[in-house]
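Only heavy atoms go into these numbers, but all of them, side chains included; no hydrogens, no water, no symmetry mates. Each chain gets a letter, A, B and so on, in the order its sequence line appears, and its residues count up from 1.
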Protein chains: 2
Amino acid sequence: MPVSNLYSSNKAIQLDATEPKTLSEQVFNDLKEAIISGDLEQGSKITEDGLAKQYGISRGPLREAIRRLEAIRLLVRIPRAGMRVVTLTTEIMEEIYTVREALEGMSARLAAERMSDDDIASLSELLDKHQDSIDISEGKKYFQREGNLDFHYRIARASQNQWLSDLLSSELYQLLRMARQRSGQTPERPSKAIQEHRRIVEAIEMRDAELAELLMRRHISGSWKIVKELLDEEAAQDKLSEEKL
Amino acid sequence: MPVSNLYSSNKAIQLDATEPKTLSEQVFNDLKEAIISGDLEQGSKITEDGLAKQYGISRGPLREAIRRLEAIRLLVRIPRAGMRVVTLTTEIMEEIYTVREALEGMSARLAAERMSDDDIASLSELLDKHQDSIDISEGKKYFQREGNLDFHYRIARASQNQWLSDLLSSELYQLLRMARQRSGQTPERPSKAIQEHRRIVEAIEMRDAELAELLMRRHISGSWKIVKELLDEEAAQDKLSEEKL
DNA sequence: TAAAACTAGTTTGTTGACAATTTTTACTGA
DNA sequence: TCAGTAAAAATTGTCAACAAACTAGTTTTA
């Protein structure tokens with residue numbers, strides 16, 4: 001079974017169920033993808049005219065798309081220094097993980113209270129698949145990246161809180177994907193992560209909201225520690241190779 | 001001393017320190033204020049042309065402003081039914097309070113860890129002023145509204161987490177102000193609220209992050225219970241007067 | 001009578017041009 | 001060589017007109 005088929009679809013992560021109808025939306029999606037995937041480098045400068053020509057549209061709709069990208073923090077506009085793709089510094093990453101800990105903790109709590117038995121069962125199955133895939137060497141990378149997010153995405157939706165799940169999936173998760181893209185980052189040893197995921201699902205199964213929240217928060221703050229180490233290492237290496245020049 | 005001077009400035013709540021430079025920004029601020037203050041009624045339909053004429057600008061900048069208002073959830077666009085001011089239903093309010101509980105809890109935790117002694121002292125003084133003002137009958141309304149938010153705003157900033165404090169002040173608090181505007185809502189008995197605020201500050205003084213978070217979360221979920229009752233009451237009355245017709 | 005099709009009127013989406021501002025470049029004089 | 005300044009280029013902000021899509025009302029037809 002090819003790894004790419006283990007999931008029903010990538011849509012779960014895409015979150016844009018609706019087809020883009022306007023140019024503005026289309027270019028919003030395209031730009032978002034370009035930024036997240038790294039096609040547009042972090043911190044790179046952007047001009048309206050350049051993008052308009054590149055996408056073959058006029059500046060009107062483009063500007064609307066830009067305002068939206070600004071709102072979800074993928075673009076940063078500095079008053080008189082133009083516009084840049086956001087740079088995910090260690091500091092920003094820490095802020096994101098902190099907010100994430102609070103929101104996903106709450107999300108897990110609500111999921112424990114509200115998730116249907118069927119959905120819990122399906123979530124549990126998902127974890128089985130993740131477990132299996134650890135041994136499939138080819139699958140590793142995929143699971144460590146998208147699979148992990150898929151789990152968190154499901155919990156967010158299970159909170160049945162539109163605000164919460166929108167905030168997580170349309171802002172925070174996008175930035176996480178972006179961060180991973182940048183460094184070939186492997187957030188955690190997958191076996192440990194899946195173990196933690198399992199515990200969270202067990203808490204949800206027991207309808208223990210308190211525990212689900214606690215475990216989720218630990219899981220995320222634990223992830224942050226590992227990510228932080230990687231980022232620090234990276235920074236040290238960057239510095240080293242800079243000095244070589 | 002006139003009540004309006006008890007605070008250094010309203011800016012603390014305005015959060016837009018910078019003067020609007022572009023038309024788009026200006027109209028964004030104006031529209032935001034119009035929505036929050038209730039000048040534009042909840043759920044009322046909006047047309048681009050109407051607004052453009054009203055503000056005397058062309059539709060270009062207006063559309064950018066609209067996209068931003070959409071992003072902070074003050075406007076809702078329904079694919080082919082035009083655009084409306086958001087309607088703060090009880091369900092949405094519950095979602096907001098839930099997200100708020102998570103974020104402000106974290107915020108209080110961080111404040112306890114990071115807030116400078118000076119800032120804590122100043123926060124404590126603010127509470128004294130609130131306390132004093134309870135007896136000034138004229139001040140009541142003001143404190144119950146803006147004063148309360150001012151406290152929460154300070155904690156958010158004290159978290160020293162840009163993301164967190166932006167999220168709270170530029171999205172959640174705006175919606176809370178809007179909700180209060182609608183019904184002449186008095187969220188809590190001020191004496192009780194201030195008591196709870198005091199406890200939170202004490203926890204911060206003791207640098208007890210855990211406790212600060214716990215107390216803040218209780219404070220907010222407690223507030224929600226009271227607000228919810230008011231909303232339910234209101235809804236019941238609305239229904240009653242509807243039946244009269 | 002009801003459904004389908006057409007038409008007029010609104011509203012939103014898109015564009016290209018013009019204006020204002022800022023940055024870069026090039027030149028002048030110490 | 002180094003400011004300092006002025007012209008030029010680039011970039012962002014704004015507008016008005018055009019195009020497409022949708023709504024609603026009216027007529028036509030089964």
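Partners of B:W224 by ring pair (Phe, Tyr, Trp, His ring centres under 6.0 Å), not counting sequence neighbours, listed by chain and number: B:Y97. Remark: A:R109 engages A:E210, A:E213 in a salt bridge (charged side-chain N to carboxylate O under 4.0 Å, His left out) (not counting sequence neighbours). With sequence neighbours excluded, the residues satisfying side-chain contact (heavy atoms from CB on, under 4.5 Å) with A:A156 are A:S107, A:S165, A:L168, A:Y173. Judged as a salt bridge (charged side-chain N to carboxylate O under 4.0 Å, His left out), and not counting sequence neighbours, the contacts of A:E64 are B:R63, B:R67.
The distance from atom NZ of A:K53 to atom C1' of C:dT15 is 15 Å, rounded to the nearest whole Å. When the C1' atom of C:dG13 is taken as reference, atom CG of A:L62 falls 14 Å away, rounded to whole Å.
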Side chains of residues 50-60 of chain B: which donor-acceptor partners sit under 3.5 Å, not counting sequence neighbours?
{"from": "B:K53", "atom 1": "NZ", "to": "B:D49", "atom 2": "OD2", "distance (Å)": "3.3"}
{"from": "B:R59", "atom 1": "NE", "to": "B:E48", "atom 2": "OE1", "distance (Å)": "3.0"}
{"from": "B:R59", "atom 1": "NH2", "to": "B:E48", "atom 2": "OE1", "distance (Å)": "3.0"}

Write down the protein N/O and nucleotide N/O pairs, taken from nucleotides 11-15 of chain D, whose separation is under 3.5 Å; answer none if there are no such pairs.
{"from": "D:dT12", "atom 1": "OP2", "to": "A:E48", "atom 2": "N", "distance (Å)": "3.1"}
{"from": "D:dG13", "atom 1": "OP2", "to": "A:R63", "atom 2": "NH1", "distance (Å)": "3.0"}
{"from": "D:dG13", "atom 1": "OP2", "to": "A:R63", "atom 2": "NH2", "distance (Å)": "3.2"}
{"from": "D:dG13", "atom 1": "N7", "to": "A:R59", "atom 2": "NH2", "distance (Å)": "2.7"}
{"from": "D:dG13", "atom 1": "O6", "to": "A:R59", "atom 2": "NH1", "distance (Å)": "3.1"}
{"from": "D:dT14", "atom 1": "OP1", "to": "B:L23", "atom 2": "N", "distance (Å)": "2.6"}
{"from": "D:dT14", "atom 1": "OP2", "to": "B:L23", "atom 2": "N", "distance (Å)": "3.4"}
{"from": "D:dC15", "atom 1": "OP2", "to": "B:S58", "atom 2": "N", "distance (Å)": "3.1"}
{"from": "D:dC15", "atom 1": "OP2", "to": "B:S58", "atom 2": "OG", "distance (Å)": "3.1"}

